[in-house]
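Below you'll find the structure, written out as structure tokens, and then a few comments.
Here is how names work: the chains are called A, B, and so on, in the same order as the sequence lines, proteins then strands, and each is numbered from 1.
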Amino acid sequence: MATLDLAGIRKSFGPVEVLHGVDLAVRDGEMIVIVGASGCGKSTLLRIVAGLESPSGGRVAIAGRDVTALEPAERDIAMVFQNYALYPHMTVAQNMGYGLKIRGLPRAEIERRVREAAALLGIEALLDRRPRQLSGGQRQRVAMGRAIVREPKLFLFDEPLSNLDAKLRVQMRAEIRRLQKRLGVTSLFVTHDQVEAMTLGDRLVVMHQGHAAQVATPMEVFERPADTYVAGFIGSPAMNFLSGRLAEGGRAVALGAGPLIRFADGPRPGQEGEPVTIGIRPEHVRPDPAGLALAIDLVEPLGSETVVHGRLPGGEALVVKLAGAAPRDGALAVALPPEALHVFRAEDGKRLDP
Amino acid sequence: MERKTVFKGRLLPYLLVAPQLLITIVFFFWPAGQAVWFAFLRQDAFGIRTSFVGLENFQDLFADPLYLETLRNTLVFAAGVSCIALGTALLLAVMADRQIRGAGLYRTLLVWPYAIAPAIAAVLWIFLFHPQIGMLGRALNGAGIPFDYKLNGNQAMLVVILAAAWKQVSYNFIFFLAGLQSIPKSVLEAAAIDGARPAYRFWTVTFPLLSPTTFFLLVVNLVYAFFETFGVIDALTKGGPGRATETLIYRAYIDGRVNLDLGMSSAQSVVLMLVVILLTAVQFRFIERRVHY
Ligand SMILES: Nc1ncnc2c1ncn2[C@@H]1O[C@H](COP(=O)(O)OP(=O)(O)O)[C@@H](O)[C@H]1O
Ligand SMILES: [Mg+2]
């Protein structure tokens, strides 16, 4: 059990910099999920923490000790890989005991710990099998077991669920969360799946092109996204973005689509007429006979709710999630409730708060 | 899914395999069958009368202490060649695997020996080891270590082993490198995180995962040492000094071509064929049993 501190982590592969200075302070026992689109540098960051890559700049400290220059073996961490990376020529028990054997633990102790971990994961019956005789879900459990028995300071997960089918993924997700809570081991979990991120993390790191765009709890990220990238990345269907300009001394926005909307929570800083981006989530858009006319292009019924894609008078696209069925006549009038608006500076996409 | 091509007539498939079959029959089964037949015959000294003698040729062969010495030579030679060729190739492959970017050039250089004819290869080794004109030979003698593989049997054996192994290193290297590259990088990384140092990682993860390749190559190398090293030995030592570097294949040739004792030579060929069949069978059995991780 330990804290993890990253300070100004940079990484270049040849001339290309893929991490541009990432800072992160992970508390003892916390589960941090690093989420972002493919290629944004999540795995690279995780591998730097593991010691499999060395950073071009910055510092990694585990439990307050600077480990930047240490080998993976000296960091006392465990990692679960996307392809599980089990040793193909060893049995499940040998796979799990490999790290303990290296540390010179007595055989009886190794056996006891392996059995304990296997019981925790429900794989006692598989201890004598080899990886190729296991299903994907079973391999996943063995990989977890191999991490657990070591009782490391830090768990690292690199998209461990993405090779599983949808149902198993949901099940393992819950199981990993339960296990992590129970063992209380500080963890970093990498995923590109926002649902996984929201459900697993105590806090999220939303990565975008080698930067940490936002570090916050899942609800904070959802309710107060730091920029338009985060706002669009978290939430499904994705948040709508409409262009507008600040009006009434920052107390309102004049939307390109027509109406002037007064902010519910106070004035935003900025010049009169400064261009802004207004974000609103599809589920927060309200049908309102007195509202804006929406020309509907596409209706996606999902059973309990319906997603409607359409265009506002100015031509901007808007997605609406309605409880219940869609109107039949192909037209819908909607209102944008002031309390559900997110305001971002148009210039750099950063959030503007009152 | 298995894809099968369906031919309309009966004849076409046979016609298509006929050339291959013909070549195999004319150049392999025919001479092999002849060898087996000759192994049971004996000609008189003038080559006039031939009589059927049953297993006598084989009995004589195994009663001959010189043949047993040749057998011992062959075992030493084959073991030496295989160990050196495999060990060197594995070492080079591990080094190449680490720096795979430079491996293109490295690989090309290493493959050359394989493309060199045995006679030319032997000349290279003569230039190296000849006591008067060879670089190493002269250096050794100059340093007060008497070295002459034309007089000293053990030194001769060492030279032919090195020359024969050198030729096989390239082949082994290619297979080892391919084997190393097929080990998922994440497995080795997992071992590193589990705390294994490079050497321990090699012996507990890399080497076991390479074992199918190693076993395959071991058989190939043994077959090579047993049967395909005639050229190297003939060019370097001609089996000498005395009989110090005479191997089974070399002696079969001498008995047949030089001593014109076709019966004995054929009996030796049959023994050699049995060895090949045995090695191949072992290999097939093994490959069927495990190998694929
Ligand atoms: N060993 C490497 N050499 C060169 N470029 C790399 C290497 N590893 C990753 N990259 C590049 O770094 C970027 C981030 O990769 P990665 O961290 O694997 O992304 P993610 O895990 O978020 O999908 C990608 O553009 C990738 O091409
Ligand atoms: Mg990745």
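Salt-bridge check for A:Glu111 with A:Arg107: failed, with every basic side-chain N at 4.0 Å or more from each acidic carboxylate O. Using a cutoff of 4.0 Å between basic side-chain nitrogens and carboxylate oxygens, A:Asp76 and A:Arg103 are scored as salt-bridged.
Relative orientation of the B:Tyr171 and B:Phe175 rings is tilted, given thresholds of 30° and 60° on the angle between their planes.
If you measure heavy-atom distances from A:Leu52 to chain B, the contacts under 4.5 Å come from the side chain alone. For a residue to count as touching a neighbouring chain, one of its non-hydrogen atoms must lie under 4.5 Å from one of that chain's; by this rule A:Arg75 does not touch chain B. Using a 4.5 Å cut-off between heavy atoms, A:Glu74 contacts chain B through its side chain alone, with no backbone atom that close. With a 4.5 Å cut-off on non-hydrogen atoms, A:Leu100 does not touch chain B at all.
When the candidates A:Ala50, A:Ala85, A:Pro131 are compared by the number of heavy-atom contacts under 4.5 Å with chain B, A:Ala85 comes out ahead.
A side-chain hydrogen bond (donor to acceptor under 3.5 Å, both in side chains) with A:Asp202 is found for exactly one of A:Arg27, A:Lys181, A:Arg177, namely A:Arg177.
For A:Thr186 (side chain) and A:Ala2 (main-chain N/O), a donor-acceptor pair under 3.5 Å exists by modelled atom type.
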